[in-house]
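The next block holds one structure in the form of structure tokens; read it before the comments.
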Amino acid sequence: MGTGYEATCSKCTYHAEFFLGSGMLFPDTYKSVQKDIRNGKYGEEWKAFLADNPGAVFNAERELYRCRKCNQLLVDYNLSLYVSEDGQPPEHGYWAVWGYHGKDYKFVKRYTHRCPRCSSRMVKQDPLGSAIPCPECGANLIVEGSILWD
């Protein structure tokens, strides 16, 4: 199940909704993201890793990222890479990261998210953790709600 949040700026008109995690359609989402990786949407390194490692899987849950430089916010897939201990592909790759098929998977590499506005490196942002600066004016966002979506 996924969780959603609403964010409103305390000083300007900025407002956004963030739908994070995964829902019941996660298997379809995983397959779609896998196709994007194999087509190079997330760079040659991720494309080559999946091609060269049949036991590789990735995390396709949505997370919130914030640019360190301009505070731009982005909801994107985690994309961290994992590989099975035996090097064999999982029966159903989209569940593999969570170990539902009895295999052990080890973390390999974290994807570096880049800001769509300024191309700087983005960091994972917990919506309910530390204050989130507004991407428009820099004031703190007010984060509300806990929308459950599926």
Side-chain angles (χ1 to χ4, degrees), residues 1-53 55-84 90 92-100 104-150:
M1 179 167 299
T3 305
Y5 302 93
E6 280 189 80
T8 306
C9 182
S10 59
K11 296 207 179 195
C12 74
T13 60
Y14 180 83
H15 176 83
E17 294 180 333
F18 310 118
F19 294 94
L20 310 176
S22 61
M24 286 179 48
L25 295 178
F26 186 72
D28 293 334
T29 299
Y30 187 93
K31 290 175 187 175
S32 175
V33 174
Q34 185 177 50
K35 182 178 176 183
D36 287 343
I37 292 172
R38 289 189 171 146
N39 287 333
K41 179 177 178 179
Y42 295 103
E44 289 302 313
E45 182 180 7
W46 256 239
K47 178 180 176 179
F49 191 86
L50 284 191
D52 296 342
N53 295 279
V57 294
F58 56 91
N59 186 340
E61 289 185 304
R62 292 175 185 89
E63 294 181 341
L64 179 62
Y65 296 91
R66 181 183 54 81
C67 177
R68 292 177 170 189
K69 185 175 179 182
C70 72
N71 295 322
Q72 178 70 23
L73 297 171
L74 171 72
V75 174
D76 201 0
Y77 301 105
N78 174 295
L79 300 175
S80 292
L81 294 174
Y82 299 81
V83 67
S84 65
H92 300 289
Y94 42 85
W95 297 122
V97 174
W98 293 271
Y100 291 128
D104 290 324
Y105 289 85
K106 67 177 183 174
F107 171 78
V108 175
K109 191 164 188 174
R110 189 172 324 282
Y111 184 77
T112 301
H113 292 81
R114 294 282 174 190
C115 177
R117 185 188 288 171
C118 71
S119 298
S120 295
R121 184 171 179 254
M122 300 186 92
V123 293
K124 182 179 171 183
Q125 178 72 55
D126 179 355
L128 299 177
S130 60
I132 303 174
C134 175
E136 300 300 324
C137 73
N140 287 338
L141 295 178
I142 299 165
V143 179
E144 299 177 315
S146 189
I147 306 161
L148 298 178
W149 64 275
D150 207 27

(message) Does atom CZ (Arg117) have a neighbourhood of more than 12 heavy atoms from anything else shown, all under 6.0 Å?
(response) yes
(message) Working to the nearest 0.5 angstrom, can you tell me the gap between Cys115 SG and Arg121 CZ?
(response) 13.0 Å
(request) Measure across Arg114 and Ser119 and return the closest heavy-atom pair with its distance rounded to 0.1 Å. (result) CD-O, 3.2 Å
(request) Quick one: closest heavy-atom pair of Asn140 and Ala131, and the distance? (result) OD1-CB, 3.6 Å
(request) Kindly indicate whether the side chain of Lys106, heavy atoms from C-beta on, has any atom under 4.5 Å from the side chain of Val83. (result) yes
(request) Any chance you could measure Ser22, atom OG, to Asp28, atom CG, to the nearest 0.5 Å? (result) 12.0 Å
(request) Give me the ring orientation class for Tyr30 and Phe58: parallel if the planes are under 30° apart, tilted from 30 to 60°, perpendicular past 60°. (result) parallel
(message) For Asn59, is there any backbone N or O sitting under 3.5 Å from a side-chain donor or acceptor partner on Ser80?
(response) no
(request) Please tell me if the side chains of Arg68 and Cys118 come closer than 4.5 Å, counting only heavy atoms from C-beta onward. (result) no
(request) Measure the CD-CZ distance between Gln72 and Arg66 for me, rounded to the nearest 0.5 Å. (result) 11.5 Å
(request) Report the C-alpha separation of Leu64 and Leu73 in whole Å, then their side-chain angles, then the decisive distance to 0.1 Å, and conclude whether the side chain to side chain contact (heavy atoms under 4.5 Å, CB included) test is met. (result) CA-CA 7 Å; Leu64 179 62; Leu73 297 171; 4.2 Å; yes
(request) Flag the pair Asn71 / Ile132 as yes when at least one side-chain heavy-atom distance between them is below 4.5 Å, and no otherwise. (result) no
(message) We want to know whether Glu63 and Asn78 form a side-chain donor-acceptor pair, criterion being a heavy-atom distance below 3.5 angstrom.
(response) yes
(request) Would you name the heavy atoms of His15 and Glu6 that are closest together and state the gap between them? (result) CE1-OE1, 3.0 Å
(message) As a quick check of understanding, evaluate side chain to side chain contact (heavy atoms under 4.5 Å, CB included) for Val123 and Tyr65, giving each step before the final call.
(response) CA-CA 5 Å; Val123 293; Tyr65 296 91; over 6 Å; no
(message) Measuring from atom CG of Asn39 to atom NZ of Lys47, what distance do you get when rounded to the nearest 0.5 angstrom?
(response) 7.0 Å
(request) Might you point out which heavy atoms bring Gln125 and Ser130 nearest each other, and give the distance in Å? (result) NE2-O, 3.6 Å
(message) Can you tell me how far apart CZ (Arg62) and OG1 (Thr29) are? Round to the nearest 0.5 Å.
(response) 5.0 Å
(message) Between Lys109 and Glu45, is the side chain to side chain contact (heavy atoms under 4.5 Å, CB included) condition met? List the steps.
(response) CA-CA 11 Å; Lys109 191 164 188 174; Glu45 182 180 7; 2.6 Å; yes
(message) Rounded at 0.5 Å granularity, tell me how far CG in Leu50 sits from CG in Leu81.
(response) 6.5 Å
(message) Quick check: do Cys70 and Pro135 have side-chain heavy atoms less than 4.5 Å from each other?
(response) no
(request) Check whether any side-chain heavy atom of Lys31 sits under 4.5 Å from a side-chain heavy atom of Lys35, and report yes or no. (result) no
(request) Anything under 30° is parallel, anything over 60° is perpendicular, the rest tilted; go ahead and classify Trp46 against Tyr111. (result) perpendicular
(message) I'd like to know if the side chain of Asp126 reaches the main chain of Leu128, judged simply by a donor and an acceptor atom lying under 3.5 Å from each other, with no hydrogens or angles considered.
(response) yes
(request) Please step through side chain to side chain contact (heavy atoms under 4.5 Å, CB included) for the pair Tyr42 and Asp36, ending with a clear verdict. (result) CA-CA 7 Å; Tyr42 295 103; Asp36 287 343; 3.9 Å; yes
(request) Taking all heavy atoms of Ser10 and all of Ile142, pick out the closest pair and write down the distance. (result) CB-CD1, 4.0 Å
(message) Quick one: does any side-chain atom of His113 pair with a main-chain N or O of Cys67 as donor and acceptor, under 3.5 Å?
(response) no
